[in-house]
Structure formats: structure tokens, C-alpha cells
Amino acid sequence: MPRIPAHTLDSAPHGSKDIAANMQRRMGKFLNIHAGMAHSPAVIGAYDGISQAIAAHGSFDARTKEAIALAVGNQNGCDYCQGAHTVSARKAGLTDEQILAIRAGEVDFDRKLAAITEVAREAAARTGNVSEAVWQAALDAGWSDEELAEAFAHIAANLFTNYFNHYAGTELDVPAAPALAAY
């Protein structure tokens with residue numbers, strides 16, 4: 001049972017309605033995560049702000065963005081985000097086997113993706129701290145200083161959603177991610 005129930009577009013507070021409607025158009029439906037965030041214009045506005053900044057200024061392709069989201073979501077044990085980003089990762093071209101590997105932290109199919117997901121996983125696990133070895137491995141794999149700085153925005157956006165889902169008790173309205181035991 002959610003702590004913060006899902007709004008509809010009609011029941012959302014006035015300050016949340018426009019953002020909520022835009023999210024529904026973008027996603028094709030009003031997801032429970034956004035419907036919960038809509039209780040507070042500050043919450044849905046903060047999420048929308050970071051999402052828009054990433055969309056306007058980010059350089060990562062969809063595959064990389066989804067890989068970071070899967071790594072952070074798994075690190076934080078966010079069932080909602082792992083389910084949602086499994087769907088999005090498939091659309092971005094990742095196979096089910098690759099998605100499971102990313103979630104498990106066993107990326108052996110792409111050295112560069114392995115390095116950035118390890119940065120994301122370690123940052124999420126260690127309150128933003130990333131060891132010199134993991135950072136250097138990312139540089140060695142071809143990530144630039146600018147890209148590693150940008151990765152923080154993606155990590156932060158995913159921490160925001162992971163924590164909100166834990167905080168609010170968001171009910172799953174997307175397919176559940178396959179269990180890692182199957183990997």
C-alpha cells in the first residue's frame with residue numbers, strides 16, 4: 001500500500017497539473033511514480049527540472065542513460081525503477097541478457113559501458129564517493145572528464161526517483177524486472 005497515493009491528472013494540485021500532463025504525454029500514460037510526485041509541486045517540479053536539464057544539455061545516448069539507471073536502481077534495490085528501466089533499456093537496444101548483466105554489475109559485453117556503470121554503482125553505494133581505481137578505469141575506457149561530470153546528473157536523477165519510490169511506497173504499474181537469480 002503506498003504511503004503517498006497516486007493522483008489522477010484531474011485530482012493533482014494546480015501547481016502540478018501542467019508538469020503531470022507533460023509527463024503523461026511523454027510516457028504515454030500517467031505512471032504511478034509521477035502520480036505520487038504530483039502531490040507536491042516541489043517534488044514533481046524538481047524531478048522535471050533535472051529531467052529537462054539532462055534532455056537539453058546531456059550527451060549520453062539512450063543506451064548509456066538506461067544502463068546508468070539500471071545500475072543505480074539495482075544498487076538501491078528500487079523494484080519500481082528496475083522494472084521501468086528494464087522496459088526503457090529494451091527500447092534503447094539492450095538485450096535482456098545485457099540488462100541482467102548491468103543490474104548484476106557483471107558487464108562483460110562493453111568495456112566503456114562497464115566502466116560508467118561501475119562509477120554509477122559505486123557513487124550510489126558510497127554517497128557519491130568513487131574510488132580512484134574506478135574513476136581511472138572509466139577514464140581509461142574512454143570517458144572524458146566532461147562525461148564523468150555529466151554522469152553525476154544521471155546518477156542524481158536516478159537516486160531521486162529510487163528514494164522517492166522507497167519513501168512513498170510507489171505501487172508497481174510497469175512490468176516487474178526479471179529476478180537476478182535467473183541471470
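The analysis underlying the following values was restricted to heavy atoms, covering all of them including side chains, and did not include hydrogens, waters or symmetry mates.
Distance check, rounded to the nearest 0.5 Å: CG of N22 to NE2 of H34 gives 11.5 Å. Going from atom CE of M1 over to atom CD of E171 covers 7.5 Å, rounded to the nearest 0.5 Å. Annotation: the span from E106 atom CD to Q98 atom CD amounts to 14.0 Å, rounded to 0.5 Å. With rounding to the nearest 0.5 Å, the separation of CD1 in I33 from SG in C78 is 7.0 Å.
At least one side-chain heavy atom of I54 sits less than 4.5 Å from a side-chain heavy atom of H154. Between S131 and Q136, every side-chain heavy-atom pair lies at or beyond the 4.5 Å cut-off. At least one side-chain heavy atom of L113 sits under 4.5 Å from a side-chain heavy atom of I116. Side-chain contact between P178 and D96 is absent, with no heavy atoms from C-beta onward closer than 4.5 Å. By the 4.5 Å heavy-atom criterion applied to side chains, R90 and T95 are not counted as neighbours. Put simply, the side chain of R63 reaches to within 4.5 Å of the side chain of D110, judged on heavy atoms.
At a threshold of 4.5 Å between side-chain heavy atoms, the hydrophobic network of Ile, Leu, Val, Met, Phe, Trp and Tyr places I19 and I50 in two separate groups. Taking hydrophobic clusters as Ile, Leu, Val, Met, Phe, Trp and Tyr residues chained together by side-chain heavy-atom distances below 4.5 Å, L31 shares a cluster with I4. Linking Ile, Leu, Val, Met, Phe, Trp and Tyr whenever their side-chain heavy atoms come within less than 4.5 Å puts V134 and L70 in one cluster. Residues L94 and V87 do not share a hydrophobic cluster, defined by chaining ILVMFWY side chains whose heavy atoms lie under 4.5 Å apart. I68 and F164 are assigned to two separate hydrophobic clusters, defined by single-linkage of ILVMFWY side chains at heavy-atom distances under 4.5 Å.
Considering N32, T161, N165 in turn, N165 is the only one that fulfils the side-chain hydrogen bond (donor to acceptor under 3.5 Å, both in side chains) rule with T170. With N162 as the fixed residue, the side-chain hydrogen bond (donor to acceptor under 3.5 Å, both in side chains) test singles out one of D79, N76, N74: N76.
Between Y47 and F160, the angle of the ring planes stays under 30°, which puts this pair in the parallel group of the 30/60° scheme.
Side chain of R3 to main chain of Y167: a donor-acceptor pair is present (N/O by atom type, distance under 3.5 Å, no hydrogens or angles). Side chain of N129 to main chain of R126: a donor-acceptor pair is present (N/O by atom type, distance under 3.5 Å, no hydrogens or angles). Without hydrogens or angle criteria, R103 side chain to Q75 main chain gives no donor-acceptor distance under 3.5 Å. Remark: the backbone N or O of W143 is not paired with any side-chain donor or acceptor of K112 at under 3.5 angstrom.
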field: Worked check of side-chain contact (heavy atoms from CB on, under 4.5 Å) between T64 and D61
entry: CA-CA 5 Å; T64 302; D61 63 14; 2.7 Å; yes
Exercise for the section: Starting from the C-alpha separation in whole Å, work towards a yes-or-no answer on side-chain contact (heavy atoms from CB on, under 4.5 Å) for F109 and I102. Expected result: CA-CA 10 Å; F109 59 90; I102 291 165; 4.0 Å; yes
**Report entry** Step-by-step side-chain contact (heavy atoms from CB on, under 4.5 Å) determination, W135 to L148
**Finding:** CA-CA 9 Å; W135 193 268; L148 288 171; 3.6 Å; yes
### Message
Quick one, M23 with D48, criterion side-chain contact (heavy atoms from CB on, under 4.5 Å). Give me CA distance, side-chain angles, the key distance, then yes/no.
### Response
CA-CA 8 Å; M23 288 182 177; D48 187 52; 3.9 Å; yes
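Annotation for S16 and S40: closest pair OG-C, 3.7 Å, computed over non-hydrogen atoms. Between P13 and H39, the shortest heavy-atom distance links the atoms CG-O, 3.6 Å. T86 and A177 get closest at one heavy-atom pair: OG1-CB, 3.7 Å. Residues S59 and E147 share a closest heavy-atom pair of OG-CG, 4.5 Å. A pairwise comparison of heavy atoms in D173 and K29 identifies O-NZ, 2.8 Å as the closest pair. Here the closest heavy-atom approach between residue Q82 and residue G73 is recorded as NE2-O, 3.5 Å.
Under the 4.0 Å criterion applied to side-chain N and carboxylate O atoms, D140 and R111 are not assigned as salt-bridge partners.
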